[in-house]
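I have a structure here, written as structure tokens, and I will follow up with some questions on it.
Bear in mind that the values here come from a model prediction, so they are computed numbers and not experimental data.
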Amino acid sequence: MPDLRLAVVTSEDQSQPTQLKNAHAFCPCPQLTAYWTPPPSWPRRICCCETLSKMSFLGLSVFRDAKTTCIFVGLILITYYFIMDIILFMRFRNVDIVADSKPGAPDELYSPFTHLSVKALMNDHTSQYIISPSAEYFDTLTQFSTRFSFITPNIISFTHLFLGLLSGKFVASENLHDRRVGVVIFQIRSWLDAFDGVVFRSQSGTHLQFQSVRATTGYYVDTTCDALGGVFLCFGILFYLWKRFDPVKQDLPTWSKAQEAASKTGLVSNGHSVAPRETYSIKYLFWKVFCYGLCLACAGKFWDLVVGDFKEIFQTPLKDPKMSMLQFELCHSTTTVVLFYLWRILEGQALLQYILIPIIIDKIWEFLNYTQYILLSVIVGLYIVSLLYIRHLRTVLNL
């Protein structure tokens, strides 16, 4: 038996293993080698990602690792979302969205509790309570849409499309800090996705009217750029998994082969037995990522269709006072509110936010395994229930 010497692999060594130095040799798509290879290291150094985990909060080591940080921030966000939801739906109880969904005055400040519409009530929490308010207040303070009127919403859409591509590039890196930088870039993309809507409403005279205008070119440009942004993120995850579970057999000894041989012969490293490295086929990894991409596509499309149907039912003025009162009661019924809330949790933008968390804490593989089939079943089931309920509403209201 040849003597297999095991070296201690540092985080920097892990970011560029030996078998990845010649990416052209085993890249499943050689034409995408530029996307496959590691991104530059200066963004993570500028962001001080390597020292962020050592920060302390009020003398406590709250941010000693990414997992603790995510739990701490997650608890704050959940509490914040819960309080805001209580305020939102308490106000919704007494609001007729037929009248409340009208545009606001040009000088009126944005509030997530005013000018309610079906789309606003079914919007995901992060967009409604963080991204949209910051985008609206930024435009109010800077007068961006007025001063830079030559910058159209479509230009902003193409900009966040590029950021989605760039984010996927960083997410595809083997270095964990690079992947976290990719998450930050994707959140900037999400902010611009909301900001193009702010600019459109300002320039079209529909300030604070939160609803989709389907009969425009901008609607299709925006939805296409949104979809491609999610595709780029999924490809970034896929390329990362291809690197992490490289199934290609090498003739020369590699670190993974040394691990496998050591485990078979009982060799140890630093006093601990070394387990063999997991490997999966390219098709298997592609199927895992494809399943979540399918969830994103179904959630986004189904949500958009359901929003359109509910808008037609609940935001259409009815001439008959009795039917109008019935429309109000059905809009505020328990079934309607529950469906609205479930779509808030399972819409496409919400699923994009969910997948960013395991990227940060380096649990993306586990996340994909847990959600592979269950999530799609829940989304399809919710869509079927929504369609049945919408059909019932049309029958009751004679629409």
Side-chain angles (χ1 to χ4, degrees), residues 84-125 127-141 143-146 149 152-153 156 193-219 222-223 303-333 336-337 339-341 343-344 347 349 390 393-394 397-399:
M84 296 293 279
D85 277 345
I86 292 176
I87 300 174
L88 174 68
F89 284 97
M90 287 295 290
R91 182 181 183 274
F92 172 63
R93 290 174 57 186
N94 303 313
V95 169
D96 183 3
I97 60 175
V98 175
D100 201 55
S101 59
K102 300 294 178 60
D107 58 345
E108 183 179 352
L109 291 177
Y110 171 83
S111 170
F113 312 122
T114 59
H115 298 279
L116 296 182
S117 63
V118 168
K119 186 176 180 180
L121 293 167
M122 295 175 63
N123 198 25
D124 70 288
H125 293 84
S127 296
Q128 184 165 359
Y129 297 140
I130 296 179
I131 297 178
S132 291
S134 61
E136 291 280 359
Y137 296 146
F138 174 81
D139 187 63
T140 300
L141 293 174
Q143 296 296 311
F144 182 93
S145 58
T146 303
S149 57
T152 63
I156 300 175
D193 183 23
F195 188 64
D196 64 8
V198 174
V199 173
F200 169 77
R201 289 189 290 272
S202 176
Q203 294 180 354
S204 62
T206 56
H207 180 57
L208 302 181
Q209 189 175 32
F210 193 69
Q211 61 184 19
S212 300
V213 183
R214 300 174 186 271
T216 60
T217 304
Y219 170 79
D222 183 51
T223 53
W303 179 85
D304 191 57
L305 293 174
V306 171
V307 166
D309 290 335
F310 276 131
K311 176 188 173 184
E312 183 180 349
I313 294 173
F314 293 134
Q315 291 184 220
T316 301
L318 300 180
K319 297 181 180 180
D320 188 349
K322 292 184 179 180
M323 298 303 294
S324 180
M325 184 177 297
L326 179 60
Q327 179 190 48
F328 179 87
E329 293 176 356
L330 291 173
C331 182
H332 296 78
S333 66
T336 302
V337 173
L339 288 177
F340 282 176
Y341 203 83
W343 278 114
R344 285 169 68 85
E347 69 124 332
Q349 293 297 328
I390 288 170
L393 293 175
R394 293 185 187 277
L397 296 174
N398 297 324
L399 295 176

**Asked** Checking side chain to side chain contact (heavy atoms under 4.5 Å, CB included) for the pair Asp85/Tyr129: CA distance, chi angles, key distance, verdict?
**Response** CA-CA 9 Å; Asp85 277 345; Tyr129 297 140; 2.7 Å; yes
**Message:** Looking at every heavy atom in both Phe314 and Val118, which two are closest together, and how far apart are they?
**Reply:**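 For Phe314 and Val118, the tightest heavy-atom pair comes out as CB-CG2, 4.4 Å.
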**Request:** Would you check if His115 and Glu108 make a side-chain contact, meaning some heavy-atom pair closer than 4.5 Å?
**Result:**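 Yes, side chains in contact.
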**Asked** Just by modelled atom types, is the Val198 backbone N or O under 3.5 Å from a matching donor or acceptor in the Ser202 side chain?
**Response**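 No, the answer is negative, given that no donor and acceptor are paired below the 3.5 Å cut-off.
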**Message:** Pairing donors with acceptors under 3.5 angstrom, does anything connect the side chains of His332 and Asn94?
**Reply:**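 Their side chains do not contain a donor-acceptor pair, so the 3.5 Å distance test is not met.
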**Item:** Side chain to side chain, Pro153 and Val199, heavy atoms closer than 4.5 Å
**Value:**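 Yes; the side chains approach each other to less than 4.5 Å.
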**Request:** Look at the side chain of Gln327 and the backbone N and O of Thr316, then say whether any donor-acceptor pair between them is shorter than 3.5 Å.
**Result:**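 Present.
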**Request:** Measure up the Phe340 and Phe92 rings against each other and bin them: parallel (under 30°), tilted (30 to 60°), perpendicular (over 60°).
**Result:**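 Plane angle between 30° and 60°, so tilted.
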**Message:** Main chain of Phe200, side chain of Ser204: is a donor-acceptor contact present, judged purely on distance under 3.5 Å?
**Reply:**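 Yes; judged by distance alone, with no hydrogens or angles, the pair exists.
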**Prompt:** Is it true that a side-chain atom of Arg344 and a backbone atom of Asn123 form a donor plus acceptor pair closer than 3.5 Å?
**Reply:**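 Yes; at least one donor-acceptor contact below 3.5 Å.
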**Message:** Using the salt bridge (Lys or Arg N to Asp or Glu O under 4.0 Å) criterion, which residues pair with Asp96? Sequence neighbours excluded.
**Reply:**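 Salt bridge (Lys or Arg N to Asp or Glu O under 4.0 Å) check on Asp96 returns nothing, list empty.
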**Message:** If I compare all heavy atoms of Thr114 with all of Arg91, which pair ends up nearest, and what's the gap?
**Reply:**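 Closest approach of Thr114 to Arg91: CA-NH1, 4.0 Å.
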**Prompt:** If you round to the nearest 0.5 Å, how far is CD1 of Ile131 from CG of Asp193?
**Reply:**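 CD1 of Ile131 is found 8.0 Å from CG of Asp193.
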**Item:** Where Ser145 and Asp139 come nearest, the two heavy atoms and their spacing
**Value:**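 Looking at all heavy atoms of both residues, the closest pair is N-OD1, 2.9 Å.
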**Prompt:** Do NZ/NE/NH1/NH2 and the carboxylate oxygens of Lys119 and Glu347 come within less than 4.0 Å?
**Reply:**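 So Lys119 does not pair with Glu347 through a salt bridge.
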**Request:** For the pair Glu136 and Arg201, evaluate side chain to side chain contact (heavy atoms under 4.5 Å, CB included) and give the outcome as yes or no after the intermediate values.
**Result:** CA-CA 10 Å; Glu136 291 280 359; Arg201 289 189 290 272; 3.1 Å; yes
**Asked** For Phe310 and Gln315, what are the C-alpha separation, side-chain angles and deciding distance, and is it a side chain to side chain contact (heavy atoms under 4.5 Å, CB included)?
**Response** CA-CA 8 Å; Phe310 276 131; Gln315 291 184 220; over 6 Å; no
**Any donor-acceptor pair under 3.5 Å from Asp196 side chain to Ile156 backbone** =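 Answer holds: no.
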**Asked** Closest heavy-atom contact between Asp309 and Arg394?
**Response**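 Heavy atoms only, the tightest pair is OD1-NH2, 3.4 Å.
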**Prompt:** Looking at Met122 and Trp303, what are the two nearest heavy atoms and their distance?
**Reply:**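 Shortest heavy-atom separation between Met122 and Trp303 comes out as O-NE1, 2.9 Å.
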**Message:** Is it true that, when you exclude Met323 itself, more than 12 heavy atoms of the residues, nucleotides or ligands shown sit nearer than 6.0 Å to its CE?
**Reply:**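 Check passes, neighbour count above 12.
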**Nearest heavy atoms of Thr336 and Cys331, plus distance in Å** =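 The answer is CG2-O, 3.3 Å.
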**Request:** With sequence neighbours excluded, tell me which residues meet ring-ring contact (aromatic ring centres under 6.0 Å, His included) with Tyr137.
**Result:**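 Partners of Tyr137 under the ring-ring contact (aromatic ring centres under 6.0 Å, His included) test: none.
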**Message:** Looking at Leu330, is its backbone amide N or carbonyl O close enough to the side chain of Ser333 to form a donor-acceptor pair, meaning the two atoms are under 3.5 Å apart?
**Reply:**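 Yes, Ser333 side chain to Leu330 backbone: donor-acceptor pair under 3.5 Å.
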